[in-house]
Amino acid sequence: MTLPIQKAAEDPLFGRGYRATLLVLILLVSAFAYVDRVIIQTLAEPIKKDLGLSDFQFGLLGGLAFAILYSTLGLPIARLAERRDRVTIISVSVAAFSLMSLLCGMATNIWTLLLCRIGVGIGEAGVQAPSTSLIGDHFPPHRRGFALTVMRLGAPVGALLGSVVAAWLAQDHGWRVALMLVCAPGLVVALLFRLLLRDPPRGHSDGLAGGNVATPTATPPRTREVFTQMFRRPAFRHMLAGLALASMALFAGGAFTAPFFMRVHELPLTTTALYVAIISTTASTAGMSLGGFGIDFIARRGRRWYALLPFCGIATSVPLFLAGYGLDNHVAAVTLITIAGIFLFFHSVPTLVAFQNMVAPQQRTTAAFVYFFVSTMVGVGFGPPLLGLLSDLFATASGITDAAAASAIGVRSALLTSIGLYAWAALHYGLAARAIAAEDRP
């Protein structure tokens, strides 16, 4: 996990223009992958009313249905990407999840929509880990924070498309049309990705930074060996635990932010969608940019900052989230939740970069899989269903006969309870920073 700070040599294989094209296309791939998550959350209320779903059922639909096959297939696809053409794998995957998103708009009941969401998860399983590995072979270690930040900024771009644009379309044409129109351009992105990019040799960028280039024909180590190498390090284990807890609270809160503003603050769908866009776009863009661009520089002070920066950000977000969900003024609520989200997202890119720098070139796709498996399976898979279940339980326990009032109390109480996960995550990142400092002692 050393961080070379020397200037990289000129790349004889890929020029600046090519690498810029790579980053733009990977950003778009990441954006459309995120659209598929956010659009279901934004259109939660009309989907629930149309199909007659409870909060728990919607949590399963928006979370576990997507995450279960995404996570199950992520490892074999990641291992395949260690050996085969990553550009082809990513292109086919983008086309698959875009097509399944179109079919979501044609679903007539919870079961058909559930199957389509599972299909989206299958398609997305081949996107994030291979994309991360592809970036690792185009950019040297001391530039990966920048490059991976660009990739992760696809999330706010996708959030904008999946919230504001989708809500505007749904307002006039219904949620089904919104789903189909917003997700269809992903098919074009898949085609461009396949036509314009090519797969570099494994370890190509490490050679530019003065390291050794892994030969393209080298056999990647067995999966068990890669996992053993990573999990034997206390720093990795604590960062992984922190990532899991933060992701669970993050995706749980994201799935119920729109219902929170519509139920608690009684805002219409269009205003709610604007607030969701402000929160998700501003928080993720500013947070990931500050954390991602900044880690390339601050880590020169010591490797412990890969964990210390996430610790500082998540710990700062806790009181801000508590105040944001607890206040009755919706303007103050959206302001505080947005600021809290900025600090929260300090953990995203530094954690991903740390995992990439911990392993050899032909292990990076597997290391990226671990990151996305945990953030998706634990975060997306279990966060929304558990928060939805808590919301239903709190609503029932309130004893209020008015269904709307009870559901408002339920979702607010569940969101406030979930903040405890952030405090727990911060603790693990703090322990990870201490473990890294211990590794670096002579």
Side-chain angles (χ1 to χ4, degrees), residues 1-4 26 30 70-84 86 89-90 124-145 147-149 151-152 199-206 209 211-214 218-244 246-247 292 295-296 299 303 306-307 310 347-379 428-429 432 435-436 439:
M1 198 167 143
T2 57
L3 182 71
I26 283 184
S30 179
Y70 175 100
S71 301
T72 303
L73 293 178
L75 181 57
I77 293 177
R79 297 302 294 168
L80 180 66
E82 302 282 18
R83 299 168 171 83
R84 304 298 183 188
R86 289 166 288 187
I89 291 172
I90 295 168
E124 287 198 28
V127 172
Q128 299 288 6
S131 295
T132 303
S133 174
L134 201 60
I135 284 176
D137 285 330
H138 280 88
F139 294 86
H142 64 286
R143 294 293 290 161
R144 286 176 192 151
L148 289 173
T149 297
M151 183 187 84
R152 299 294 285 159
D199 200 9
R202 265 57 170 187
H204 176 72
S205 64
D206 298 83
N212 295 321
V213 182
T219 302
R222 294 181 179 180
T223 304
R224 182 176 179 179
E225 295 175 11
V226 180
F227 285 166
T228 299
Q229 176 185 334
M230 291 187 291
F231 278 92
R232 70 160 55 107
R233 302 177 67 166
F236 175 82
R237 295 197 300 270
H238 281 300
M239 291 188 77
L240 192 65
L243 173 67
S247 297
I295 196 62
D296 282 344
R303 294 186 310 119
Y306 283 108
H347 81 281
S348 180
V349 177
T351 304
L352 184 56
V353 175
F355 287 5
Q356 290 291 286
N357 290 347
M358 284 180 178
V359 297
Q362 286 192 303
Q363 302 172 13
R364 287 186 188 131
T365 311
T366 304
F369 159 78
V370 173
Y371 176 97
F372 291 110
F373 173 85
V374 168
S375 62
T376 303
M377 189 64 212
V378 178
H428 277 289
Y429 274 108
I436 294 173
E439 290 178 358

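This is a predicted model, so every value here is computed, not measured.
- Judged purely by distance below 3.5 Å, without hydrogens or angles, the side chains of Ser30 and Arg152 never pair a donor atom with an acceptor atom.
- Taking each heavy atom of Gly126 and Ile77 in turn, the nearest pair found is CA-CG2, 3.6 Å.
- Here OG1 of Thr365 is found 10.5 Å from CZ of Arg83. Values are rounded to the nearest 0.5 Å.
- A salt bridge links Arg86 with Asp137: at least one charged nitrogen is closer than 4.0 Å to a carboxylate oxygen.
- Between Ser247 and Ser375, the side chains place no donor N or O within less than 3.5 Å of an acceptor N or O (distance only, hydrogens not considered).
- Looking only at side-chain heavy atoms (C-beta outward), Arg237 and Met230 stay at 4.5 Å or farther from each other.
- Counting heavy atoms from C-beta outward, His347 and Met239 have side chains that stay 4.5 Å or more apart.
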### Task
Output, in order, the C-alpha distance, side-chain angles, deciding distance and verdict of side chain to side chain contact (heavy atoms under 4.5 Å, CB included) for Phe139 and Leu148.
CA-CA 10 Å; Phe139 294 86; Leu148 289 173; over 6 Å; no

### Query
side chain to side chain contact (heavy atoms under 4.5 Å, CB included) between Val370 and Phe227: does it pass, once the steps are laid out?
CA-CA 9 Å; Val370 173; Phe227 285 166; 3.5 Å; yes

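- Met358 and Gln229 make their closest contact through O-NE2, 3.4 Å (heavy atoms, listed as atom of the first residue, atom of the second, distance).
- Between Phe355 and Thr132, the closest side-chain pair of non-hydrogen atoms is not below 4.5 Å.
- You'll find the side chain of Leu243 stays beyond 4.5 Å of the side chain of Pro310, heavy atoms only.
- The line from CD1 of Ile26 to CG of Leu134 is 5.0 Å long, rounded to the nearest 0.5 Å.
- The two residues Ser131 and Val127 make their nearest non-hydrogen contact at OG-O, 2.7 Å.
- Atoms CG and CE, from Leu352 and Met151 in turn, are 5.5 Å apart once rounded to the nearest 0.5 Å.
- Side-chain contact check for Ile89 versus Leu80: some heavy-atom pair is nearer than 4.5 Å.
- Ring planes of Phe231 and Phe236: perpendicular class, angle over 60° (limits at 30 and 60°).
- Using a 4.5 Å cut-off on side-chain heavy atoms (C-beta onward), Arg79 and Val226 make contact.
- Side-chain contact annotation: Thr351 with Tyr429, donor-acceptor N/O pair under 3.5 Å present.
- Note: Ile436 CD1 to His238 NE2 = 10.5 Å, rounded to the nearest 0.5 Å.
- Ala307 and Ala432 make their closest contact through CB-CB, 3.7 Å (heavy atoms, listed as atom of the first residue, atom of the second, distance).
- Contact record, Val349 with Gly145: CG1-O, 3.8 Å, taken as the closest heavy-atom pair.
- Nearest heavy-atom pair, His428 versus Gly242, reported as atom, atom and distance to 0.1 Å: CB-N, 3.8 Å.
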